[in-house]
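Worksheet for the structure shown next.
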Amino acid sequence: MFAELPDVKMYYEDDGEGEPVILIAGIGANHRFWKTMVPLLKGYRVITLDNRGVGETEYKGDIQIDIMADDVIHLMDYLHIYKAHIVGWSMGSQIAQSLAIRYPQRLQTLTLVSSYQFRPHRSAYFMYLMTKAAVEGKCSMDEVNLLLNSFCFPESTFAALEKKGIIMPVPKHPEDPKEVYKQMISMDKFDTTEKTKDIKAPSLVVHGGMDIMVEPIKGRAIGQSIPDCRYIELPGEGHTIAPELYIDALKRHLETHKMTSISE
């Protein structure tokens with residue numbers, strides 16, 4: 001479905017009934033990133049979306065973290081949702097932080113997965129160079145995604161696939177490298193180091209203990225900075241964490257802080 005929002009024709013999907021949960025994906029990932037999470041949240045109204053620069057969403061103007069957060073607020077208004085549970089992964093967690101800091105009254109809960117207060121320098125180094133090379137036609141997005149896979153998943157994932165004789169696939173329909181590059185640039189000046197302490201929403205932070213894209217120390221830092229935040233570190237997991245590994249913790253978080261009414 002499409003929502004006609006200010007400067008954005010946003011593609012979104014709206015599944016189920018119950019308290020609204022909005023899932024926000026990271027760099028180069030569209031709403032399909034959450035395809036295994038949606039059925040796990042039975043009993044909730046689950047909304048997924050394509051950020052600016054990916055999927056079927058069309059936009060005018062710039063790509064910035066705060067602007068993408070504003071897009072989420074406009075989508076909520078379009079859907080007549082005043083308050084929602086917000087879940088963000090990677091870059092999506094920065095969009096979620098922007099929402100929690102700038103629109104605290106619109107969040108019932110906040111969940112940050114593979115999160116960070118400012119973009120990691122080492123990851124930015126290779127992602128900028130590889131994506132810029134794709135923009136210039138020096139490599140393909142398939143090659144970029146192969147490298148991303150190697151940084152997002154732990155050794156155990158590749159070992160298990162190799163044992164089955166399977167090579168980890170890359171997206172069949174890769175995103176436009178120019179747009180992915182814009183998403184990366186959007187994080188350059190976004191830094192919540194001095195702001196996460198002011199987040200009021202009940203918060204859960206989930207991080208992989210073997211995350212080499214965003215080292216666990218960054219996840220711990222954000223978990224420690226948010227008042228009364230629950231931090232979970234999953235041993236052996238990387239940057240892309242299978243939803244079934246933290247769905248129980250997420251459901252407990254949502255249930256503990258459920259709305260008194262859906263229109264709350």
Please tell me whether [X] and [Y] are part of a single hydrophobic cluster in this structure, the criterion being side-chain heavy atoms less than 4.5 Å apart.
X      : Y      : answer
Phe190 : Ile73  : yes
Ile86  : Ile47  : yes
Val144 : Val180 : yes
Ile24  : Leu254 : no
Tyr246 : Leu112 : no

- Ion pair Arg220/Glu233, N-O distance below 4.0 Å: yes

- Message: Salt bridge or not between Arg52 and Asp7? Use side-chain N to carboxylate O under 4.0 Å.
- Response: no

Kindly indicate whether the side chain of [X], heavy atoms from C-beta on, has any atom under 4.5 Å from the side chain of [Y].
X      : Y      : answer
Met127 : Leu148 : yes
Glu179 : Tyr59  : yes
Ile101 : Asp198 : no
Val72  : Leu99  : yes
Lys83  : Glu19  : no
Ile22  : Met76  : yes
Met184 : Met91  : no
Ser90  : Ile27  : no

- Full working for side chain to side chain contact (heavy atoms under 4.5 Å, CB included) between Val206 and Tyr231: CA-CA 6 Å; Val206 180; Tyr231 175 75; over 6 Å; no

How far does [atom1] of [X] sit from [atom2] of [Y], to the nearest 0.5 angstrom?
X      : Y      : atom1 : atom2 : value
Glu215 : Met210 : CD    : CE    : 11.0 Å
Met168 : Glu162 : CE    : CD    : 12.0 Å
Tyr82  : Met259 : OH    : CE    : 11.0 Å
Ile67  : His74  : CD1   : NE2   : 10.5 Å
Ser186 : Ile65  : OG    : CD1   : 3.5 Å
Thr57  : Asp50  : OG1   : CG    : 4.5 Å

Ignoring hydrogens and geometry beyond distance, is a side-chain donor-acceptor pair present between [X] and [Y] at under 3.5 Å?
X      : Y      : result
Thr193 : Asp191 : yes
Ser115 : Gln97  : yes
Glu175 : Asn30  : yes
Gln117 : Thr196 : yes
Gln64  : Asp62  : yes
Asp211 : His207 : yes
Tyr44  : Asp15  : no
Arg252 : Thr256 : no

What closest approach, in Å, do [X] and [Y] show between heavy atoms, and which atom pair accounts for it?
X      : Y      : value
Pro120 : Val214 : CG-CG2, 3.7 Å
Pro169 : Asn149 : O-ND2, 3.2 Å
Ala201 : Leu107 : CB-CB, 4.2 Å
Ser156 : Gly236 : OG-O, 4.1 Å
Asn145 : Pro171 : ND2-CD, 3.6 Å
Met141 : Pro177 : SD-CB, 3.6 Å

- Item | Backbone of Lys195 reached by a side-chain donor or acceptor of Thr192 within 3.5 Å | no

- Message: Keeping Glu237 on the side-chain end and Pro154 on the backbone end, is there a donor-acceptor pair under 3.5 Å?
- Response: no

- Task: Tell me, with the steps shown, if Arg106 and Asp77 meet salt bridge (charged side-chain N to carboxylate O under 4.0 Å, His left out).
- Result: CA-CA 10 Å; Arg106 304 298 297 269; Asp77 291 342; 2.9 Å; yes

- Message: Measuring centre to centre across the rings, with the benzene-like ring taken for any Trp, is Tyr128 within less than 6.0 Å of Tyr181?
- Response: yes

[atom1] ([X]) with more than 12 external heavy atoms under 6.0 Å:
X      : atom1 : answer
Ile217 : CD1   : no
Ile167 : CD1   : no
Lys132 : NZ    : no
Glu155 : CD    : no
Gln105 : CD    : yes
Lys35  : NZ    : no

- Quick one: do Asp71 and Asn51 satisfy side chain to side chain contact (heavy atoms under 4.5 Å, CB included)? Show the steps, please. CA-CA 8 Å; Asp71 291 341; Asn51 290 313; over 6 Å; no

- Item | Cation-aromatic face contact Lys218/Tyr116, 6.0 Å, 45 degrees | no

- Taking the inter-plane angle between the rings of His257 and His253 on a 0 to 90° scale, is it parallel (under 30°), tilted (30 to 60°) or perpendicular (over 60°)? perpendicular

- Parallel under 30°, tilted from 30 to 60°, perpendicular over 60°: which one fits the rings of His31 and Tyr11? tilted

- Evaluate the side chain to side chain contact (heavy atoms under 4.5 Å, CB included) criterion for residues Met213 and Ser114: first the C-alpha distance (whole Å), next the side-chain angles of each, then the deciding distance (0.1 Å), finally the verdict. CA-CA 9 Å; Met213 177 72 82; Ser114 304; over 6 Å; no

- Phe151, Phe153, Trp89 screened by ring-ring contact (aromatic ring centres under 6.0 Å, His included) with His239, the one that passes: Trp89

- Task: Applying side chain to side chain contact (heavy atoms under 4.5 Å, CB included), run through Asp14 and Arg45 and close with a yes or a no.
- Result: CA-CA 7 Å; Asp14 192 343; Arg45 179 184 180 185; 2.7 Å; yes

